Amino acid sequence: MKNIGIVTGASSGLGKGIAIEIAKGFDIDELWLIARRKERLVELGKEIYENYGVNVVLMSLDLIDEKSLQKISERLESQKPNIKILVNSSGFGVMGDSSEMNRKVQEDMILLNCKALFSLTNICTNYMSRGSGILQIASVAGFCPQPYFAVYSATKAFVLSYSMALSKELKKRGISVSALCPGPVNTEFFDICERDAKMENMIKKMFIKSPNFVVKRAIKGYLKKKTVIVPGITMKLLSIIEGLYIKQLSSILAYKIYKKFN
Ligand SMILES: NC(=O)c1ccc[n+]([C@@H]2O[C@H](COP(=O)([O-])OP(=O)(O)OC[C@H]3O[C@@H](n4cnc5c(N)ncnc54)[C@H](OP(=O)(O)O)[C@@H]3O)[C@@H](O)[C@H]2O)c1
């Protein structure tokens, strides 16, 4: 059976960086790269094949479209591979006053950041085995409600909560789930995020990290099977203030109570 990796959002930023690290260091036969921009995927696929000898499957898909998820599902069903790693990095955020911002854009944010991430995770777990893992790209924005980033922070709270709970459910199958929660990272994310914003993101200016820094920590945390990965000391401190450890303890407690009574 073929061992594969799947990375969404592979055309830029964190997804691209993580895809390269997987090609470099993971024992896989094939890497599926997913995003909308085909030319970017072709470029990355070439780089990965030439430098690391890993076969790539390029899937130029809009994950907001249900048909895209169907295509992935059909391909998986016809090939029945073993998914060693799934990385859900496709996502975007927009800043501004939620009641004044375009509703369709905000709905798309929910569809991509939450619905597509859930659906793909749900589809892929059917093709995973002991030793497989899932790396979800959440955000420190998911730790607390953020005015003027209201919908984005809510989508990332969903990713974080879903991933923390799923990690307990999949433990019995030997499948790890890690939620990466970076602070601001210097990627194309802010081109979209700040496009229509009337305010400057001060937090971004003060704490921005390079994609390379975050990708390295993401892989390290994933290999250690950490449930939540928070890169950088400042964001770690922020996560303590915002009660991450209480959330983690609560989810362990909820799991133990469920197991005791079921
Ligand atoms: N940068 C930050 O400060 C930061 C901080 C915390 C968390 N994050 C999260 O990290 C993840 C990656 O973001 P990034 O920083 O790497 O930004 P990025 O460079 O803008 O990457 C976003 C990726 O999502 C893909 N994408 C967007 N819409 C899509 C769609 N409809 N269907 C399929 N793919 C789509 C993009 O590819 P195409 O445009 O080619 O489709 C791109 O590859 C996101 O989930 C983001 O929320 C980012």
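Since the structure is predicted, the reported quantities are computational estimates derived from the model, not experimental observations. Counting convention: from 1, in listed order, for ligands and their atoms alike.
Tyr245 belongs to a hydrophobic cluster whose other members, connected by ILVMFWY side-chain contacts under 4.5 Å either directly or through intermediates, are Ile240.
Residues passing the side-chain hydrogen bond (donor to acceptor under 3.5 Å, both in side chains) test with Arg40, sequence neighbours excluded: Glu188.
Between Phe149 and Tyr152, the distance from one ring center to the other falls under 6.0 angstrom.
Judged purely by distance below 3.5 Å, without hydrogens or angles, the side chains of Asp62 and Ser68 never pair a donor atom with an acceptor atom.
Sorted by chain then number, the residues whose non-hydrogen atoms approach ligand 1 to under 4.0 Å are Gly9, Ala10, Ser11, Ser12, Gly13, Leu14, Ala35, Arg36, Arg37, Leu61, Asp62, Leu63, Ile64, Ser89, Ser90, Gly91, Leu112, Ile137, Ala138, Ser139, Tyr152, Lys156, Pro182, Gly183, Pro184, Val185, Thr187, Glu188, Phe189, Phe190.
No more than 12 heavy atoms of other residues, nucleotides or ligands lie within 6.0 Å of NZ in Lys220, so this atom counts as exposed by the packing criterion.
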I'd like a table of donor-acceptor pairs (distance under 3.5 Å, sequence neighbours excluded) in which one partner is a side-chain atom from residues 133-143, with atom names and distances.
residue : atom : partner : partner atom : Å
Gln136  : OE1  : Asn88   : ND2          : 2.8
Gln136  : NE2  : Thr121  : OG1          : 3.2
Ser139  : OG   : Ala141  : N            : 2.9

